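As structure tokens, the structure follows; a few thoughts come after it.
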Amino acid sequence: KFFNAFEFISSMSSGFDLSSLFESK
Amino acid sequence: RTCQHADLERLARESQFSVNEVEALYELFKKLSCSIIDDGLIHKEELRLALFQAPYGENLFLDRVFDLFDEKKNGVIEFEEFIHALSVFHPYASIQEKTDFAFRLYDLRQTGFIEREEVQQMVSAILLESDMMLSDELLTMIIDKTFADADSDKDGKISKDEWNVYVHKHPSLLKNMTLPYLKDVTTAFPSFIFNTEVED
């Protein structure tokens, strides 16, 4: 499915997903 | 530590946020910055706790995000640094700002290029983090294919210009660089109203 390394990194890395900052409010 | 009116106005000018939104984000900042050490600064453990619900454990990406927030490189995130970095994630921030920020995230060794080893390191970190297995052969194939597409001068590293072109071709790469919540922070943190200095 992921033949683009950056696509893989950006969709799989939880450390880059800052939305949880707001979800934990 | 408090945030004076002049600071709020300056931060609003320097970011995509209104004064009231900066105030609302100050409520979030206060909460994050006192979760472990109550000193009005966000320490790495506090960011980790907010993102992963656990204060310990190594994470390559968390380290990079923290480093980019920490403009002064003093090991903590101050409120103005928090606003500056979050502004890049605003839905109205320019694509160029987001593209630049993503480049700096991926340029692990801060050489001004995204090198093959760095991409390999990031992919391997995710595989480890998510308990996924991938053969070395397949990993090499994925990196080869990515570089064939992104590294147009074939020097084994992705320059800023090459990155700009590549992201333009693959805009979904910036998906994580936009936080829709930021359009609505005053609703998300209504308690700012009790401390507000101005009416927008």
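Residue numbering restarts at 1 for every chain, and letters A, B, ... go by the order of the sequence lines. Values in this document were obtained by computation on a predicted structure and should not be read as measured data.
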Could you state whether [X] and [Y] fall into the same hydrophobic cluster, counting links through intermediate Ile, Leu, Val, Met, Phe, Trp or Tyr residues with side-chain heavy atoms under 4.5 angstrom apart?
{"X": "B/L138", "Y": "B/V119", "result": "yes"}
{"X": "B/L47", "Y": "A/F22", "result": "yes"}
{"X": "B/L86", "Y": "B/I95", "result": "yes"}
{"X": "B/M141", "Y": "B/M132", "result": "yes"}
{"X": "B/L28", "Y": "B/F52", "result": "yes"}

Heavy-atom distance under 4.5 Å to chain A: side chain of [X], backbone, both or neither?
{"X": "B/L139", "result": "neither"}
{"X": "B/L179", "result": "side chain"}
{"X": "B/L49", "result": "neither"}
{"X": "B/M177", "result": "neither"}
{"X": "B/F147", "result": "neither"}
{"X": "B/L68", "result": "neither"}
{"X": "B/F69", "result": "side chain"}
{"X": "B/L60", "result": "neither"}

**OP:** List for me each residue that meets ring-ring contact (aromatic ring centres under 6.0 Å, His included) alongside B/F66, sequence neighbours excluded, and say none if there are none.
**Re:** none
How many angstroms lie between atom [atom1] of [X] and atom [atom2] of [Y], to the nearest 0.5 angstrom?
{"X": "B/F89", "Y": "A/L18", "atom1": "CZ", "atom2": "CG", "value": "4.5 Å"}
{"X": "B/L174", "Y": "A/S10", "atom1": "CG", "atom2": "OG", "value": "8.5 Å"}
{"X": "A/N4", "Y": "B/L173", "atom1": "CG", "atom2": "CG", "value": "5.5 Å"}
{"X": "B/M122", "Y": "A/M12", "atom1": "CE", "atom2": "CE", "value": "15.0 Å"}
{"X": "B/F61", "Y": "A/D17", "atom1": "CZ", "atom2": "CG", "value": "12.5 Å"}

**OP:** Mind telling me whether A/F6 and B/Y166 have parallel, tilted or perpendicular rings, with 30° and 60° as the class edges?
**Re:** perpendicular
**OP:** Give a yes or no on whether B/N74 atom CG has more than 12 heavy-atom contacts from other residues, nucleotides or ligands under 6.0 Å away.
**Re:** yes
Original post:
Is the number of heavy atoms from other residues, nucleotides or ligands within 6.0 Å of CD (B/Q96) greater than 12?
Top reply: yes
Original post:
Hey, does A/F8 have a side-chain heavy atom less than 4.5 Å from the side chain of B/L127?
Top reply: yes
Subject >> Minimum heavy-atom distance between B/L32 and A/L21, given as atom pair plus value >> reply: CD1-CD2, 4.1 Å
**OP:** Kindly say whether A/A5 contributes a backbone atom to a donor-acceptor pair with the side chain of B/T146 at under 3.5 angstrom?
**Re:** yes
